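What you see below is based on every heavy atom in this structure, not just the backbone, and it leaves out hydrogens, waters and symmetry mates. Note that the structure is predicted; figures quoted are calculated from it, not measured.
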Amino acid sequence: MRVLLTGGAGFIGSHIALLLLERGFDVIILDSFVNSSSIVINRIKTFLQNKDLKSKFEYIKGDIRDKNILDNIFIKSIKECKPIDTVIHLAGLKSVSDSLTNPLHYWDVNVRGTLNLLLSMKEYECYSLVFSSSATIYGLSDSVPMSEDHKILPINPYGQTKVAIENMFYDLFNSNIKLWKICSLRYFNPVGAHSSGLIGEDPVGIPNNLFPFLTQVAIGRQKILKVFGDDWDTKDGSGVRDYIHIIDLADGHLASIDYLNSNDSCLEFINLGSGHGYSVFQIIRQFELTTGRKIPFSIQGRRDGDVAKCYADISKAKKLLGWTPKRSLEQICLDGWNWQIKNPNGYC
Ligand code: NAD
Ligand code: UDP
């Protein structure tokens, strides 16, 4: 089977790429490298050599807003008599704060880019899609765990673009129920790294998210972790989130492909999380325990737009996909730290 993986050089995409290749899929990565390094491609090639895998891997540098590039990928694969069976679409912009400053850019890349992709898929008769949606679409709410029928109420342009894309899927599916097979996966907080330490999370600039910030404090790239609030309505006063090991998340995509292959047509919106909520203090404690590194932290005021608790109800993913996350918080800390010590400055 051949998979087109847009955004495949990014944090999530690179991990999905390794799993796909390991399981014998042919993979074409399309990425503009606007938020990733081309070194990722070398790491994927190293992985293939180390494991002596026979899967075919190619990458194309290009922008999903350029329809010619998309068309050419589909045309070439048809000419090779190996048409693309499924698209996993991750290419897009993901910073909430950046989306508040540059909303049009987010609509352009995320929404127009996805529209382009769907147009090409339709033209070249590839109807199977796995999409990277986000728990951000649920908006501000402390009502946990969140199931897929939780109220959709995004509070920033980034979340709005994900909702707009999901709405496109509704319209498309309803226009021709017999053809399309779509899983829109709503991710919670993917963290950690591949156990090889070859690939991991390497945010540009100062990390906004807790886990990469914490590993950078541990390695000495950041001085001190700021804890945004110890007065939330939670067990210990710090914010609670659903941290899922990146390999468990990547596995959810393979399970989704299996699901699409065994169905005639479908449109499903599915949460991917661990199903557990962990507080900031719990994460710090577990990281210290697992790695033996002390994490200096200071308590700050609450961050704008935060909620006390957010974690997933994952019963739909378990039932529909037969998928269940297997990796513990300890494993997340072990693998995240292994990546950080092997790559103290990220991909460079
Ligand atoms: P990432 O930034 O590491 O990966 C996205 C990739 O897309 C990058 O390699 C980037 O270069 C590429 N890209 C961006 N614009 C492009 C364009 N116009 N054309 C081609 N390539 C382009 O982000 P990630 O964490 O791997 O996230 C992947 C997807 O999952 C994103 O769509 C994101 O919104 C979604 N998501 C991520 C999280 C998270 O916490 N990481 C949570 C929910 C949803
Ligand atoms: N957080 C923190 N310090 C940081 C980054 C995040 O205390 O430097 C907290 C944040 O307030 C939230 C949790 O850690 O309670 C997870 O934040 P993250 O940005 O990683 O995920 P999100 O809030 O987007 O789900």
(request) Please report the closest heavy-atom contact between D306 and L140, naming both atoms and the distance. (result) O-CD2, 4.2 Å
(request) Nearest 0.5 Å please: distance from the CD1 atom of I244 over to the CD1 atom of I314. (result) 7.0 Å
(message) If you count heavy atoms of other groups shown closer than 6.0 angstrom to NZ of K226, is the number above 12?
(response) no
(message) Applying side chain to side chain contact (heavy atoms under 4.5 Å, CB included) to I44 and L18, what does each step give before you reach the verdict?
(response) CA-CA 7 Å; I44 293 173; L18 293 201; 4.0 Å; yes
(request) Look up atom CG in N35 and atom NZ in K94, then write down how far apart they are to the nearest 0.5 Å. (result) 6.0 Å
(request) Report, as yes or no, whether the 6.0 Å neighbourhood of atom CG on D304 holds more than 12 heavy atoms from other residues, nucleotides or ligands. (result) no
(message) We want to know whether Y347 and R43 form a side-chain donor-acceptor pair, criterion being a heavy-atom distance below 3.5 angstrom.
(response) no
(request) Give the minimum heavy-atom separation between L214 and L225, together with the two atoms involved. (result) CD1-CD2, 4.3 Å
(message) Taking F211's backbone N and O only, do any of them form a donor-acceptor pair with N209's side chain (distance below 3.5 Å, no angle check)?
(response) no
(message) Is it the case that the side chains of D71 and S120 hold a donor-acceptor pair, with the cut-off being a distance below 3.5 Å and no angle test?
(response) yes
(message) Would you say that Y106 contacts N156 through its side chain, given a criterion of any heavy-atom pair below 4.5 Å between the two side chains?
(response) no
(request) Would you confirm whether the ring centroid of F169 sits within less than 6.0 angstrom of the ring centroid of F131? (result) yes
(request) Would you indicate whether the side-chain heavy atoms of L19 and I247 approach each other to under 4.5 Å? (result) yes
(message) With a 4.5 Å cut-off on side-chain heavy atoms, are D202 and N343 touching?
(response) no
(message) Could you check whether atom NZ of K235 has more than 12 heavy atoms from other residues, nucleotides or ligands sitting under 6.0 Å from it?
(response) no
(request) Would you please test Y124 and I84 for side chain to side chain contact (heavy atoms under 4.5 Å, CB included) and show each step? (result) CA-CA 9 Å; Y124 299 100; I84 292 159; over 6 Å; no
(message) How close do S128 and M121 get, counting heavy atoms only, and between which atoms?
(response) O-CE, 3.5 Å
(request) Please step through side chain to side chain contact (heavy atoms under 4.5 Å, CB included) for the pair W232 and V280, ending with a clear verdict. (result) CA-CA 11 Å; W232 293 100; V280 175; over 6 Å; no
(message) I'd like to know if the side chain of D248 and the backbone of R327 have a donor-acceptor N/O pair within less than 3.5 Å.
(response) yes
(request) Mark yes when over 12 heavy atoms from residues, nucleotides or ligands other than N174 sit less than 6.0 Å from its CG; otherwise mark no. (result) yes
(request) Could you tell me whether the side chain of R303 and the main chain of F228 form a donor-acceptor pair under 3.5 Å? (result) no
(message) Can you tell me how the ring of H194 sits relative to the ring of F47, calling it parallel under 30°, perpendicular over 60° and tilted otherwise?
(response) perpendicular
(message) Would you compute the distance between atom OG of S274 and atom NE2 of H245 and round it to the nearest 0.5 angstrom?
(response) 12.0 Å
(message) Quick check against the 3.5 Å criterion: does S133 have a side-chain atom that pairs as donor or acceptor with the backbone of L185?
(response) no
(message) So which atom in M146 and which in Y138 form the shortest heavy-atom distance, rounded to 0.1 Å?
(response) SD-CD1, 3.8 Å
(request) Please check if F281 and I224 belong to a single hydrophobic cluster, counting links between Ile, Leu, Val, Met, Phe, Trp and Tyr side chain heavy atoms closer than 4.5 Å. (result) no
(message) Using modelled atom types and a 3.5 Å cut-off, is there a donor and acceptor pairing between side-chain atoms of S147 and backbone atoms of D313?
(response) no
(request) Mind checking the CD1-CD1 spacing from I41 to I29? Nearest 0.5 Å is all I need. (result) 4.5 Å
(request) Indicate yes or no: does E166 engage K162 in a salt bridge with an N to O separation below 4.0 Å. (result) no
(message) Using modelled atom types and a 3.5 Å cut-off, is there a donor and acceptor pairing between side-chain atoms of N72 and backbone atoms of N68?
(response) yes
(message) Counting only heavy atoms not in K316 (residues, nucleotides, ligands), do more than 12 fall under 6.0 Å from its NZ?
(response) yes
(request) Look at the side-chain heavy atoms of Ile, Leu, Val, Met, Phe, Trp and Tyr, link any pair under 4.5 Å apart, and say whether I16 and F57 land in one connected group. (result) yes
(request) Rounded to the nearest 0.5 Å, what's the gap from CG on D258 to CG on N263? Could you check? (result) 11.0 Å
(message) Please find the pair of heavy atoms, one from Y259 and one from C183, that lie closest to each other, and give the distance.
(response) CD2-SG, 3.9 Å
(request) Verify, without hydrogens or angle tests, whether E288 (side chain) and I295 (backbone) share a donor-acceptor contact under 3.5 angstrom. (result) yes
(message) Measuring only between side-chain heavy atoms, which start at C-beta, is M168 closer than 4.5 Å to D171?
(response) no
(message) How long is the straight-line distance from OG of S99 back to CG of N110, given to the nearest 0.5 Å?
(response) 9.0 Å
(message) In the structure I gave you, are the side-chain heavy atoms of F173 and S265 within less than 4.5 Å of one another anywhere?
(response) yes
(message) Tell me whether the rings of Y59 and F33 are parallel (<30°), tilted (30 to 60°) or perpendicular (>60°).
(response) perpendicular
(message) Donor-acceptor check, side chain of D230 to backbone of G237, threshold 3.5 angstrom: yes or no?
(response) no
(request) Measure from the ring center of W180 to the ring center of Y170 and say whether it is less than 6.0 Å. (result) no
(request) Please work out whether the ring planes of Y278 and H276 are parallel, tilted or perpendicular, with thresholds of 30° and 60°. (result) tilted
(message) Do F25 and L254 make a side-chain contact, defined as non-hydrogen atoms from C-beta onward lying under 4.5 Å apart?
(response) yes
(message) Please say yes or no: joined through hydrophobic side-chain contacts below 4.5 Å, possibly via intermediate residues, are L129 and F269 part of one cluster?
(response) yes
(request) Establish, from distance only, whether the side-chain atoms of Y158 and D98 form a donor-acceptor pair under 3.5 Å. (result) no
(request) Give a yes or no on this: more than 12 heavy atoms of other residues, nucleotides or ligands lie within 6.0 Å of atom NZ of K342. (result) yes
(request) For residues E201 and W339, report the shortest heavy-atom separation together with the two atoms involved. (result) O-NE1, 3.0 Å
(request) Please examine the side chains of F297 and V217, heavy atoms only from C-beta on, and report whether any two atoms are closer than 4.5 Å. (result) no
(message) Let me check something: do I73 and L115 share a hydrophobic cluster, defined by ILVMFWY side-chain heavy atoms less than 4.5 Å apart, either directly or through other members?
(response) yes
(message) Are V27 and L5 packed together at the side-chain level, in the sense that at least one heavy-atom pair is separated by less than 4.5 angstrom?
(response) yes
(message) Between E148 and R186, does any NZ, NE, NH1 or NH2 come within less than 4.0 Å of an OD or OE carboxylate oxygen?
(response) no
(message) Quick check against the 3.5 Å criterion: does D242 have a side-chain atom that pairs as donor or acceptor with the backbone of G273?
(response) no
(request) May I ask whether F11 and I39 are part of the same hydrophobic cluster, defined by side-chain heavy atoms of I, L, V, M, F, W, Y residues being less than 4.5 angstrom apart, directly or through others? (result) yes
(request) Report yes or no: does K51 contribute a side-chain atom to a donor-acceptor pair with the main-chain N or O of E22 at less than 3.5 Å? (result) no
(message) Tell me whether N50 at atom CG has more than 12 heavy atoms from other residues, nucleotides or ligands lying less than 6.0 Å away.
(response) yes
(message) Checking N116 against I64 for the side chain to side chain contact (heavy atoms under 4.5 Å, CB included) test, could you report, in this order, the C-alpha distance in whole Å, the side-chain angles of both residues, the deciding distance, and whether it holds?
(response) CA-CA 7 Å; N116 256 346; I64 50 165; 5.8 Å; no
(request) For the residue pair F287 and W337, categorise the inter-ring angle as parallel (less than 30°), tilted (30 to 60°) or perpendicular (more than 60°). (result) perpendicular
